[in-house]
Q: 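Handing you this structure, nothing more for now.
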Amino acid sequence: MSYNIIDSHCHLDFKKFNKDREEAIERANLNGVTELINSGIDYKTNESSLKLSGKYPNIHATLGLSPMVASNSKDNVVDDILSQIEQNLEATVGIGEAGMDFYHCKNESEKDDQLQAFKKVVELADSFDKTLVIHGRDAEDKILNLVQHLDNVVFHCYSGSIETMKKITGMGYYISIATLVCFSKHHQFLVRELPIDKTLLETDSPYLSPHRGKRNEPAFIVNSVETIANILNTDASYIAYKTAENTNRVFGL
């Protein structure tokens, strides 16, 4: 059966797709993935995300500043990326991924670098009324405090607690569930507690494949749709429809 699904977060521009990028996009289309959002993480991938969205009508770009980039770059690098994002906002459906990832931080200085860069990203999203795509790990509550004045926020690849998830959705924001849900008990538990009208789906490909040891790709989001349908004891077509509707709404596709 074919569905109409949106992969709300992928990285088709990454080098792991260099040998078969067009084929991967075609496989996604054949599996009912009608639209994709390709997210940048730094200057180079923001450029390549824009190129992809310019070439394929069903691929949309978000431009980002990964927290790992923020904590390992000089101020001028961060400022260049912020300027790049601002100058290209009309060609995007959102800003991100950006946020804070304290799991990878070695010291307080790196945490502060991430915080200062993220505050500037939040200012951009606020000033230009753009949907903000969050990368958060071991910092979800801190991030939520910084973005609670924004209208449209997506916590991409959410892996945090049930309690914080409920705070996020209670503010009207969205949770994006990755293909990890196909095998992760924690993510399956999250799905049981997550309102369907606040749920997005993503692959985060080439990472987090539902087929262990294999590169992930947008076509595999079908596995998430069917897994979640089984968890919620409902039709897969309903999950595909509702999550696509939510993605359309938050990104204005």
Side-chain angles (χ1 to χ4, degrees), residues 6-15 35-101 104 110-137 139-140 142-158 173-174 176 200 202 204-205 207 247-253:
I6 299 177
D7 185 350
S8 71
H9 194 107
C10 61
H11 303 282
L12 280 165
D13 58 306
F14 281 16
K15 64 182 181 182
E35 296 187 81
L36 309 95
I37 297 176
N38 202 84
S39 291
I41 62 169
D42 55 19
Y43 201 96
K44 181 181 177 182
T45 59
N46 287 341
E47 278 194 333
S48 49
S49 291
L50 286 168
K51 286 179 181 176
L52 268 180
S53 66
K55 183 176 181 181
Y56 297 95
N58 66 331
I59 297 180
H60 313 279
T62 65
L63 307 185
L65 170 55
S66 160
M68 278 71 79
V69 172
S71 60
N72 290 288
S73 300
K74 295 178 181 178
D75 287 345
N76 66 302
V77 172
V78 169
D79 289 342
D80 285 348
I81 295 171
L82 291 168
S83 178
Q84 176 198 38
I85 293 171
E86 184 173 350
Q87 290 169 16
N88 291 281
L89 281 177
E90 287 189 6
T92 73
V93 296
I95 296 174
E97 58 188 271
M100 296 187 288
D101 189 327
H104 289 290
E110 289 191 357
K111 290 182 180 180
D112 189 60
D113 287 344
Q114 290 188 9
L115 174 62
Q116 298 311 318
F118 182 57
K119 283 181 176 178
K120 293 178 181 177
V121 173
V122 173
E123 286 177 12
L124 267 183
D126 191 20
S127 297
F128 292 91
D129 194 27
K130 279 287 187 176
T131 298
L132 181 58
V133 180
I134 300 295
H135 174 124
R137 195 173 183 190
E140 290 91 348
K142 289 183 175 64
I143 290 169
L144 189 57
N145 288 334
L146 292 169
V147 303
Q148 58 186 335
H149 60 291
L150 300 181
D151 290 332
N152 291 312
V153 177
V154 175
F155 278 74
H156 121 80
C157 195
Y158 184 80
Y173 300 150
Y174 294 82
S176 184
L200 307 187
E202 66 170 278
D204 201 22
S205 50
Y207 310 113
T247 309
N248 279 317
R249 185 188 309 120
V250 70
F251 287 106
L253 302 183

Q: If you apply the rule side-chain contact (heavy atoms from CB on, under 4.5 Å), what do you find for L150 with N152, and how did you get there?
A: CA-CA 6 Å; L150 300 181; N152 291 312; over 6 Å; no
Q: If you compare all heavy atoms of F155 against all heavy atoms of E140, which two are closest, and at what distance to 0.1 Å?
A: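 Minimum heavy-atom separation between F155 and E140: CE2-O, 4.2 Å.
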Q: Compare every heavy atom of L200 with every heavy atom of S8, then report the nearest pair and how far apart it is.
A: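 Scanning both residues completely, I find the closest heavy atoms to be OG-CB, 3.8 Å.
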Q: What is the distance from atom CD of E110 to atom CE of M68, rounded to the nearest 0.5 Å?
A: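 One finds 11.0 Å between CD of E110 and CE of M68.
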Q: Please evaluate residues L146 and L115 with respect to the criterion side-chain contact (heavy atoms from CB on, under 4.5 Å), reporting the C-alpha separation (whole Å), side-chain torsions for both, the decisive distance (0.1 Å), and the verdict.
A: CA-CA 10 Å; L146 292 169; L115 174 62; 3.6 Å; yes
Q: Please determine whether side-chain contact (heavy atoms from CB on, under 4.5 Å) holds for the pair I37 and V133, giving the CA-CA distance in whole Å, both sets of side-chain angles, and the decisive distance to 0.1 Å.
A: CA-CA 11 Å; I37 297 176; V133 180; over 6 Å; no
Q: Can you name the closest pair of heavy atoms from I143 and G136 and give their distance?
A: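 Residues I143 and G136, closest heavy atoms: CD1-CA, 3.6 Å.
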Q: Please give me the minimum heavy-atom distance between R137 and H104, naming the atom from each residue.
A: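 In this case the closest contact between R137 and H104 is NH1-NE2, 3.5 Å.
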Q: Rounded at 0.5 Å granularity, tell me how far CG in L82 sits from CD in Q87.
A: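 The CG atom of L82 sits 11.0 Å away from the CD atom of Q87.
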Q: Say you draw a straight line from CG of L12 to OG of S53; how long is it, rounded to the nearest 0.5 Å?
A: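 One finds 11.5 Å between CG of L12 and OG of S53.
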Q: Specify the closest pair of heavy atoms between S176 and E202, including all atoms of both residues, with the distance to one decimal.
A: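 Heavy-atom minimum between the residues: OG-OE2, 2.7 Å.
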Q: Do K130 side-chain atoms and T92 backbone N/O form a donor-acceptor pair below 3.5 Å?
A: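 Flag set: sc K130 to bb T92 pair under 3.5 Å.
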Q: Checking H60 now: which residues fulfil ring-ring contact (aromatic ring centres under 6.0 Å, His included) with it, not counting sequence neighbours?
A: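 By the ring-ring contact (aromatic ring centres under 6.0 Å, His included) rule, H60 matches no residue at all.
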Q: Which heavy atom in S205 sits nearest to a heavy atom in D7, and how many Å separate them?
A: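 Shortest heavy-atom separation between S205 and D7 comes out as OG-OD2, 4.3 Å.
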Q: Are Y56 and L36 close enough that some pair of their side-chain heavy atoms sits under 4.5 Å apart?
A: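 No - every pair of side-chain heavy atoms lies 4.5 Å or more apart.
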Q: Is a donor on one side and an acceptor on the other found under 3.5 Å between the side chain of Y173 and the backbone of V147?
A: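 Yes: the side chain of Y173 pairs with the backbone of V147.
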Q: Indicate every side-chain donor-acceptor pair of residues 116-127 with a distance under 3.5 Å to a residue at least two apart or in another chain.
A:
from : atom 1 : to   : atom 2 : distance (Å)
Q116 : NE2    : D112 : OD1    : 3.2
S127 : OG     : E123 : O      : 2.9

Q: Test: side chain to side chain donor-acceptor pair (under 3.5 Å). Region: residues 37-46. Which pairs qualify, not counting sequence neighbours?
A: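 Checked against side chain to side chain donor-acceptor pair (under 3.5 Å) - neighbours excluded - the pairs reaching residues 37-46 are H9-S39, D13-N38, N38-S49, S39-T62, D42-T45, N46-Q84.
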Q: I would like to know whether E97 and H11 meet side-chain contact (heavy atoms from CB on, under 4.5 Å); could you show each step before the answer?
A: CA-CA 11 Å; E97 58 188 271; H11 303 282; 3.2 Å; yes
Q: To the nearest 0.5 angstrom, please state how far the OG atom of S66 sits from the CG atom of D101.
A: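 Reported to 0.5 Å precision, the distance equals 7.5 Å.
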